[in-house]
Amino acid sequence: MADLELRQDGDVIWATMNRPERLNALSRNLVKELRDFFVGLYWRKDVRVVVLTGAGNAFCAGLDLKESTGSGNRDGRRSIGAGLTSQREISEIVIAMRRCPQPIVACVNGAAAGGGFALALASDIRIATPNVRMNAAFIRIGLTACDIGVSYFLPRMVGASIAAEYMLTGRFIDAKRGHELGLINKVVEKDALEAEAQGYVDDMLHATPLGLRLTKECLNHAIDAQGLEAAIAMEDRNQILASSDGDFGEGVAAFLEKRKPVYSRREG
């Protein structure tokens with residue numbers, strides 16, 4: 001059985017980390033499956049939205065510390081080269097999550113610690129349960145809190161001071177605090193997670209395929225843009241591209257006729 005279960009429903013893939021007995025901790029195999037999946041999404045035109053969740057009672061409890069790394073040398077220590085390779089194998093996941101053109105909705109149930117926290121932050125929208133507990137757990141096990149993109153994502157979302165509070169201490173962010181800080185879009189009971197995610201998915205699918213992809217791309221660039229004019233230049237370019245696309249007319253017609261749009265399926 002795969003550690004990452006993928007279910008495609010039309011234009012949407014529901015991706016479930018499936019190691020519930022280990023709180024979906026990141027094993028070497030799960031890391032590989034997550035990396036391969038998100039890297040491969042870049043070229044997939046048959047997928048427009050991804051929903052990421054965890055099986056059982058957790059989203060992802062971070063790296064599986066009980067699993068042997070298998071990269072030690074004769075004195076039991078891992079070489080620097082092997083360590084860097086192993087580190088990049090994990091961090092490449094969040095790079096691919098931001099690079100892929102599909103919006104990612106994370107359904108965060110229970111623990112989202114360390115690497116699980118990073119996966120949640122790398123998603124575009126986060127829906128959480130009341131019992132969610134998120135933290136930069138790395139600093140509590142002898143590492144720094146700056147890992148797998150957390151030092152990039154968190155201060156941009158909540159500001160430097162709040163990011164420092166949680167990264168320097170490893171304290172947990174609960175559902176109430178996460179919602180107040182804007183990290184969590186919506187808090188719902190566990191049995192309502194899928195329906196809530198489906199609502200976001202349905203709204204996203206009203207956009208044209210190109211419009212949705214370009215919106216995620218432009219938002220990513222605007223966050224790091226050098227200034228207003230750079231952001232507007234990207235917006236101007238994308239609006240012309242979107243309005244010149246064959247699906248633009250169908251999008252307008254569906255809006256005016258108050259119906260669900262039916263977009264073409266093209267490879268380009």
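Computation of the quantities below employed the complete heavy-atom set of this structure, encompassing side-chain atoms and omitting hydrogens, waters and symmetry-equivalent molecules. All residue numbers in this chain count up from 1 along the given sequence.
The two atoms that bring I139 and T169 nearest to each other are CG2-C, 4.2 Å, heavy atoms only. Across all their heavy atoms, I148 and A118 have their closest contact at O-CB, 3.4 Å. The two atoms that bring A136 and F117 nearest to each other are N-CD2, 3.7 Å, heavy atoms only. Closest of all the heavy-atom pairs between C107 and A197 is SG-CB, 3.7 Å. Minimum interatomic distance between L210 and A242 (heavy atoms only, all atoms of both residues): CD2-CA, 4.1 Å. Among all heavy-atom pairs drawn from M234 and C218, the shortest one is CG-SG, 3.3 Å.
To the nearest 0.5 Å, atom OG of residue S151 and atom CE of residue M167 are 5.0 Å apart. Between the CG atom of N29 and the CG atom of D64 there is a distance of 11.5 Å, given to the nearest 0.5 Å. S91 OG to D147 CG: the interatomic distance, rounded to the nearest 0.5 Å, is 8.0 Å. Here E33 contributes atom CD and L26 contributes atom CG; the two are 11.5 Å apart, rounded to the nearest 0.5 Å. One distance of note links CG of N135 with CZ of F172; it measures 4.0 Å at 0.5 Å rounding. Summarising the geometry, atom CG belonging to L65 is positioned 5.0 Å from atom CD1 belonging to I141; distances are rounded to the nearest 0.5 Å.
Around atom CD of E165, more than 12 heavy atoms belonging to other residues, nucleotides or ligands sit under 6.0 Å away. Counting heavy atoms of neighbouring residues, nucleotides and ligands inside a 6.0 Å radius, atom CZ of R177 exceeds 12 of them. In the displayed structure, E21 atom CD is contacted under 6.0 Å by more than 12 heavy atoms of other residues, nucleotides or ligands. In K186, the NZ atom is not crowded: 12 or fewer heavy atoms of neighbouring residues, nucleotides or ligands sit closer than 6.0 Å. At most 12 non-hydrogen atoms from other residues, nucleotides or ligands lie less than 6.0 angstrom from CG of N57. The 12-atom threshold is exceeded at CG of L256, counting heavy atoms of other residues, nucleotides or ligands nearer than 6.0 Å. With a 6.0 Å radius and a threshold of 12 heavy atoms from other residues, nucleotides or ligands, Q226 has its CD atom at or below the threshold.
With respect to R156 and D224, a salt bridge is recorded, a charged nitrogen being found less than 4.0 Å from a carboxylate O. In summary, E67 and R19 do not engage in a salt bridge, as defined by a charged side-chain N under 4.0 Å from a carboxylate O. Contact check on R213 versus E217 returns no salt bridge, with no Lys/Arg side-chain nitrogen under 4.0 Å from an Asp/Glu carboxylate oxygen. Under a 4.0 Å N-O distance rule, the pair E194/R7 qualifies as a salt bridge. Ion pairing between a basic and an acidic side chain is recognised when a charged N comes within 4.0 Å of a carboxylate O; K32 and E92 show no such pairing.
Side-chain contact between E250 and F255 is absent, with no heavy atoms from C-beta onward closer than 4.5 Å. Taking 4.5 Å as the limit, every side-chain heavy atom of V51 sits out of range of all side-chain heavy atoms of I104. Contact check for L205 versus K260: no side-chain heavy atoms found under the 4.5 Å cut-off. Within the 4.5 Å cutoff, no side-chain heavy atoms of M157 are placed close to those of L181. Looking at heavy atoms from C-beta onward, P261 lies in side-chain contact with H206 at the 4.5 angstrom threshold. Residues V49 and L212 have side chains in contact (heavy-atom distance under 4.5 Å, counting atoms from C-beta outward). You'll find the side chain of V39 stays beyond 4.5 Å of the side chain of I95, heavy atoms only. Side-chain contact between N24 and F59 is absent, with no heavy-atom pair separated by less than 4.5 Å.
In this structure a side-chain-to-backbone donor-acceptor pair under 3.5 Å is present from S243 to I240. Under a 3.5 Å cut-off, the side chain of Y200 and the backbone N or O of I127 do not form any donor-acceptor pair. The backbone N or O of N18 sits nowhere less than 3.5 Å from a side-chain atom of T16 that would complete a donor-acceptor pair. A donor-acceptor pair under 3.5 Å links the side-chain atoms of Q102 to the main chain of L41, judged by distance alone.
Side-chain contact of T129 with N109: a donor-acceptor pair under 3.5 Å is present, judged by distance alone. Counted by atom type alone, S264 and D247 present one or more donor-acceptor pairs between their side chains at under 3.5 Å. S123 and R126 share no side-chain donor-acceptor pair at under 3.5 Å.
Both tests do not hold together for R171 against Y166: distance to the six-membered ring centre under 6.0 Å, angle to the ring axis within 45°.
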- [ ] List the steps and the verdict of side chain to side chain contact (heavy atoms under 4.5 Å, CB included) for F37 and I93.
- [x] CA-CA 9 Å; F37 170 61; I93 297 170; over 6 Å; no
- [ ] Take I173 and L183, measure what side chain to side chain contact (heavy atoms under 4.5 Å, CB included) needs, and give me the verdict at the end.
- [x] CA-CA 10 Å; I173 302 171; L183 283 178; 3.7 Å; yes
TODO: Output, in order, the C-alpha distance, side-chain angles, deciding distance and verdict of side-chain hydrogen bond (donor to acceptor under 3.5 Å, both in side chains) for R98 and N220.
DONE: CA-CA 8 Å; R98 299 316 309 147; N220 281 343; 2.7 Å; yes
- [ ] In sequence, state the C-alpha distance, the side-chain angles, and the governing distance for V108 and I184, and then conclude on side chain to side chain contact (heavy atoms under 4.5 Å, CB included).
- [x] CA-CA 9 Å; V108 188; I184 298 171; over 6 Å; no
Open item on the list: K216 vs D124, test: salt bridge (Lys or Arg N to Asp or Glu O under 4.0 Å). Steps then yes/no.
Closed with: CA-CA 9 Å; K216 176 170 177 175; D124 296 282; 3.3 Å; yes
TODO: Could you check L30 against L4 for side chain to side chain contact (heavy atoms under 4.5 Å, CB included), going step by step and ending with a plain yes or no?
DONE: CA-CA 6 Å; L30 179 54; L4 181 67; 4.1 Å; yes
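A side chain to side chain contact (heavy atoms under 4.5 Å, CB included) with M17 is found for exactly one of D3, L119, T53, namely L119.
If you chain together hydrophobic residues whose side chains sit under 4.5 Å apart, I125 and I13 never meet in one group. I90 and V94 fall within the same hydrophobic cluster, defined by Ile, Leu, Val, Met, Phe, Trp and Tyr side-chain heavy atoms under 4.5 Å apart, directly or through other members. With hydrophobic clusters built from ILVMFWY side chains whose heavy atoms lie under 4.5 angstrom apart, L34 shares a cluster with L63. By the rule that hydrophobic residues join a cluster once side-chain heavy atoms approach within less than 4.5 Å of another member, V187 and L121 end up as members of one cluster. Taken together through direct or relayed side-chain contacts under 4.5 Å among Ile, Leu, Val, Met, Phe, Trp and Tyr, W14 and V188 form part of one hydrophobic cluster.
Residues passing the salt bridge (Lys or Arg N to Asp or Glu O under 4.0 Å) test with R44 are D46, sequence neighbours excluded. Applying the salt bridge (Lys or Arg N to Asp or Glu O under 4.0 Å) criterion to E89, with sequence neighbours excluded, gives no partner residue.
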